[in-house]
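Presented below is the structure to which this report refers.
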Amino acid sequence: MTTLTYSQEPELSADEFIDVLARSTLAERRPVDERATIEGMLRNAGVIVTARSNGVLVGVSRAITDFSYCTYLSDLAVDVAFQGQGIGRELIRQTHAMAGLHTRLILLAAPKAQTYYPHIGMQRHESCWQLPPHQPLP
């Protein structure tokens with residue numbers, strides 16, 4: 001019997017994080033070969049929520065928040081073998097609750113997840129702007 005548990009894990013290891021990123025396909029868009037970057041991502045996150053099946057990490061949500069106004073959900077990864085079971089939705093729900101429901105939850109969807117977020121009730125926002133790494137304003 002599979003037992004699924006969710007918890008806040010601010011001390012999640014880089015090894016486990018990288019492993020679940022690979023099993024979720026999110027590793028395609030994360031610097032998994034740059035250990036110092038991954039460690040900094042974990043160390044500086046405001047909220048890290050995990051989903052474990054019989055102790056094995058199968059999902060993670062990592063957010064940056066001020067706990068007052070906004071919460072940026074920077075990573076949502078669920079092992080492909082566990083997708084479709086509501087794990088992503090529960091990770092988002094718990095992350096938002098821990099950051100504060102009074103905050104605006106914001107994320108950038110991965111290309112393969114474009115249809116997932118409206119399916120769970122999130123609203124699209126058409127205006128997002130970015131500067132790529134190492135590219136200052138002209």
Side-chain angles (χ1 to χ4, degrees):
M1 176 181 223
T2 299
T3 302
L4 201 59
T5 57
Y6 295 89
S7 59
Q8 188 169 9
E9 285 193 53
E11 301 299 322
L12 181 66
S13 76
D15 290 333
E16 278 193 299
F17 185 56
I18 290 167
D19 183 53
V20 79
L21 291 176
R23 288 182 284 120
S24 72
T25 74
L26 193 56
E28 299 168 5
R29 291 170 303 287
R30 295 297 181 270
V32 294
D33 295 331
E34 300 172 23
R35 187 167 187 89
T37 300
I38 293 291
E39 289 172 347
M41 290 165 62
L42 291 168
R43 182 176 53 253
N44 295 305
V47 176
I48 298 174
V49 180
T50 60
R52 292 182 179 273
S53 174
N54 297 324
V56 176
L57 185 66
V58 297
V60 66
S61 171
R62 186 182 71 86
I64 300 164
T65 183
D66 57 21
F67 297 99
S68 298
Y69 179 71
C70 63
T71 299
Y72 173 63
L73 180 57
S74 49
D75 296 307
L76 179 66
V78 176
D79 183 326
V80 293
F82 287 81
Q83 291 178 5
Q85 299 178 34
I87 295 171
R89 179 191 304 247
E90 184 61 16
L91 287 167
I92 293 170
R93 191 191 69 70
Q94 289 199 23
T95 298
H96 197 197
M98 288 177 189
L101 293 179
H102 57 279
T103 65
R104 179 180 304 266
L105 186 71
I106 304 161
L107 64 84
L108 296 175
K112 293 178 183 176
Q114 291 289 324
T115 59
Y116 173 71
Y117 297 104
H119 167 73
I120 64 167
M122 295 185 77
Q123 300 170 2
R124 176 181 293 277
H125 188 280
E126 296 297 329
S127 181
C128 174
W129 308 96
Q130 69 169 344
L131 279 175
H134 310 292
Q135 183 178 329
L137 283 174

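For clarity, every value in this text was computed on a predicted model and none was experimentally measured.
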What is the distance from atom [atom1] of [X] to atom [atom2] of [Y], rounded to the nearest 0.5 Å?
X: L42; Y: S13; atom1: CG; atom2: OG; result: 8.0 Å
X: Y117; Y: Q123; atom1: OH; atom2: CD; result: 15.5 Å
X: R52; Y: S7; atom1: CZ; atom2: OG; result: 6.5 Å
X: I18; Y: L26; atom1: CD1; atom2: CG; result: 12.0 Å

Taking the side chain from [X] and the backbone from [Y], do they hold a donor-acceptor pair closer than 3.5 Å?
X: N54; Y: T3; value: yes
X: H125; Y: I106; value: no
X: H96; Y: T103; value: yes
X: S53; Y: V56; value: no
X: Y116; Y: R89; value: yes

Please collect all side-chain hydrogen bond (donor to acceptor under 3.5 Å, both in side chains) contacts where either partner lies in [range], sequence neighbours excluded, each pair once.
range: residues 36-45; answer: E34-T37, R35-E39
range: residues 18-28; answer: D19-R23, R23-D79
range: residues 129-138; answer: S127-W129

Does M98 form a side-chain contact (heavy atoms from CB on, under 4.5 Å) with T95? I'd like the steps, not just the answer.
CA-CA 5 Å; M98 288 177 189; T95 298; 6.0 Å; no

Are side-chain heavy atoms of [X] and [Y] found at a separation under 4.5 Å?
X: I120; Y: I92; value: yes
X: P111; Y: R29; value: yes
X: V49; Y: V60; value: no
X: S61; Y: I48; value: no
X: L91; Y: Y6; value: yes
X: F17; Y: L57; value: no
X: V58; Y: L4; value: yes
X: V47; Y: T65; value: yes

Minimal non-hydrogen separation, [X] against [Y], with atom names:
X: G46; Y: Q8; value: O-NE2, 4.3 Å
X: T71; Y: A99; value: OG1-CB, 3.2 Å
X: I38; Y: L21; value: CD1-CD1, 4.5 Å
X: P31; Y: M41; value: CG-SD, 4.1 Å

Do V78 and L107 share a hydrophobic cluster, counting only Ile, Leu, Val, Met, Phe, Trp and Tyr and linking them when any side-chain heavy atoms are less than 4.5 Å apart?
yes

Joint hydrophobic cluster, I87 plus L105, side-chain heavy atoms closer than 4.5 Å:
yes

Looking at E9 and R62, is there a salt bridge between them, counting it only when a charged N and a carboxylate O are closer than 4.0 Å?
no

